[in-house]
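For reference, the structure discussed in these notes is given below.
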2 protein chains.
Amino acid sequence: MSLSSNSSSKGKQPVFMPLYKQVEEQIKSRILNKEWKPGDVLPNEFSLADEFGVSQGTVRKSLNALTMQGTLIRRQGVGTFVAEQSDKQENTSQFPIVRNGRRPEKTEIAFIRQTVKFAGLALQTQLKLDSSDKVLEIVRKRIFRQQICAVEYIYLPLKYFPELSNNAKLPDDIHQFLQTQYSMTIHNLVDEVRATPSNQDVSQWLGVKPNTPLIEVTRICSSLDETPFEYRLIYSQTDNFHYRHEGTY
Amino acid sequence: MSLSSNSSSKGKQPVFMPLYKQVEEQIKSRILNKEWKPGDVLPNEFSLADEFGVSQGTVRKSLNALTMQGTLIRRQGVGTFVAEQSDKQENTSQFPIVRNGRRPEKTEIAFIRQTVKFAGLALQTQLKLDSSDKVLEIVRKRIFRQQICAVEYIYLPLKYFPELSNNAKLPDDIHQFLQTQYSMTIHNLVDEVRATPSNQDVSQWLGVKPNTPLIEVTRICSSLDETPFEYRLIYSQTDNFHYRHEGTY
DNA sequence: AAGTGGTCTAGACCACGGA
DNA sequence: CCGTGGTCTAGACCACTTC
């Protein structure tokens, strides 16, 4: 196989895409097509170079770029793999609510309930659904050492995950589950944080007085092809916890 | 000049540092020493390669790494520059409070007051100060089109910025100012978000009823050498605004 | 036209992990 | 031991900016 020449007449702007970028896109699309699934090993650099008709150094540049984006994992002496959910959780603290003065810690999960519902308005707009689409709603608590730290509402569209309509309880690690069942991994996410008075339900679950100020984190997770596939609401009191984000410029 | 051989007997673990990493550290330290200041142009790749006694490709790898960390800016046909504050603000949305359903937008600033104080407890721990250290406190409002969106308390230690003790009002773009005056640029930051009832002062400034639930963002900015040099508290109501964070895995 | 960074190649050698 | 990715080099050519 060989890559396209550098000028294209499709768009208005002729698109100049360097070889390493083209290789990157090719690899990405094979992952999207599930030719290569999470955990799979890719051919080595020289095989890929042959296949794409470029030099090994060019392939290397693509693989390293995808590794930095978190799509691939490279292990010296072993090979290059499609990243699994578990690989990603090491780097970025999956769950953003942490104890004051601490780094992210592992949480326990206490299941409350799960139901299939029609998508409400917020879900329709954020997950690109319409009013006839259904979602699985999961409600559960996050706990650090007997201390209830947050309540989560998780919404998964049946459009993408049809088998969830049966009432089998999902495992605690939902993203792990979605990855093994649907080869769906998080590629990026958007968090919006607001302050809101605690409502009846959440107050009970968190063990706080109604109208206590809580933070409400709205999290939307998207896959590699930019499909938003999960909507999540997280409620937490912030006497002992906070939402945390650390960034490098 | 030439770099150290790959094995060192200083630490407990013999440290193997690849050449490109050593070059990276060298360049970083020259920036810290203010040999190269924000906005300065670096020598070209071949000059640096000569100077460090490595090949041009190795220097390139270092420069690209530092570019991705936001420390340098490279412009084809022109040269490689030490990043300025203005370069950084383009990539990462400096100010994290945005209107609902929007991307980050430019805000106006309304000055309220500024005072020199002794550092309180939170400041002492977070900025590594002691009780005799003084800070400049700046209080001001953030405004989107006549709509007050947030109140900011900004704390700058006189330890790092001694000339601020005179009562001259600082310009709106504080980071721009700190960069030109002190060659101090943000390298990373930590945000902690909590929910809190609005107090008397903030209620007035934001124009909300006392005890309205607000978000409180505690932001600590650090420089390239990991010195935390600014502590900031941001208060905002979240009927029309929210704290936003977008991340790629 | 001169000088910069950007892309691409080809090949050498090293370090690591597993059989 | 072999095969993998990691580092490093040297050199060619391209694209962009400035003069």
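Every chain is numbered from 1 and lettered A, B, ... according to where its sequence line falls, protein lines coming before strand lines. Excluded from the calculations below are hydrogen atoms, water molecules and symmetry mates; all remaining heavy atoms, backbone and side chain alike, are included.
The side chain of A/K61 approaches C/dT7 more closely than any other nucleotide in the set C/dC8, C/dT4, C/dT7. Taking only side-chain atoms of A/S55, from C-beta outward, the nucleotide of D/dT9, C/dA10, C/dG5 with the closest atom is C/dA10. Among the nucleotides C/dG6, C/dC8, D/dG6, the one closest to any side-chain atom of B/R74 is C/dG6. The side chain of A/T58 lies closest to C/dC8 when the candidates are D/dC8, D/dG6, C/dC8. Side-chain proximity of A/Y20 to the nucleotides D/dG5, D/dT9, C/dT7 is greatest for C/dT7. Side-chain atoms of A/V78 lie closest to C/dG17 of the nucleotides C/dG17, D/dT7, C/dG6.
A centroid separation of less than 6.0 Å is found between the aromatic rings of B/Y182 and B/F161.
Cation-pi geometry between A/R142 and A/F95 is satisfied (NZ or CZ under 6.0 Å from the ring centre, within 45° of the ring normal). Seen from the ring of B/Y155, B/R232 does not count as a face-on cation partner, given the 6.0 Å and 45° thresholds.
Counting to the nearest Å, the P atom of D/dC8 and the CG atom of B/D50 are 17 Å from each other. In this structure, A/Q56 places its CD atom 11 Å from C1' of D/dT7, rounding to the nearest Å. In this structure, B/I73 places its CD1 atom 14 Å from P of C/dG5, rounding to the nearest Å. Atom C1' of nucleotide C/dA15 and atom CE of B/M17 are separated by 17 Å, given to the nearest angstrom. When the C1' atom of C/dG18 is taken as reference, atom CZ of A/F81 falls 12 Å away, rounded to whole Å. Rounded to an integer number of Å, the gap from CD of A/Q76 to P of C/dG18 is 12 Å. Between B/F52 atom CZ and D/dC8 atom C1' the separation is 16 Å, expressed in whole Å. The interatomic distance linking A/K21 (NZ) with C/dC8 (C1') rounds to 16 Å, in whole Å.
Within the structure, every side-chain polar atom (N or O) of A/N44 is placed at least 4.0 Å from both OP1 and OP2 of D/dG3. Distances shorter than 4.0 Å separate none of the side-chain N or O atoms of A/T80 from OP1 or OP2 on D/dT4.
Each of A/R75 and B/R75 lies near DNA chain C, and the nucleotide nearest B/R75 is the one positioned closer to the 5' end.
If you check every strand for non-hydrogen atoms under 4.0 Å, A/R60 touches a base. Among the heavy atoms of the strands lying under 4.0 Å from A/E45 are primed sugar atoms or P, OP1, OP2 only; no base atom is included.
A salt bridge is absent between B/E45 and B/K61; no separation between the charged side-chain nitrogens and carboxylate oxygens falls under 4.0 Å.
Atom OG1 of B/T107 and atom CD1 of B/I143 lie 9.0 Å apart (nearest 0.5 Å). In this structure, A/I138 CD1 and A/L164 CG are separated by 7.5 Å, a value rounded to the nearest 0.5 Å.
Taking five base pairs at each end of the helix from C/dA1-D/dT18 to C/dG18-D/dC1 and finding the rotation axis that steps the C1' atoms of four pairs onto the next four gives two axes whose angle is 10°, to the nearest 10°.
The aromatic rings of B/F144 and B/F241 lie parallel to each other, their planes meeting at an angle below 30°, with 60° marking the opposite boundary.
Heavy atoms of other residues, nucleotides or ligands lying less than 6.0 angstrom from NZ of B/K169 number more than 12.
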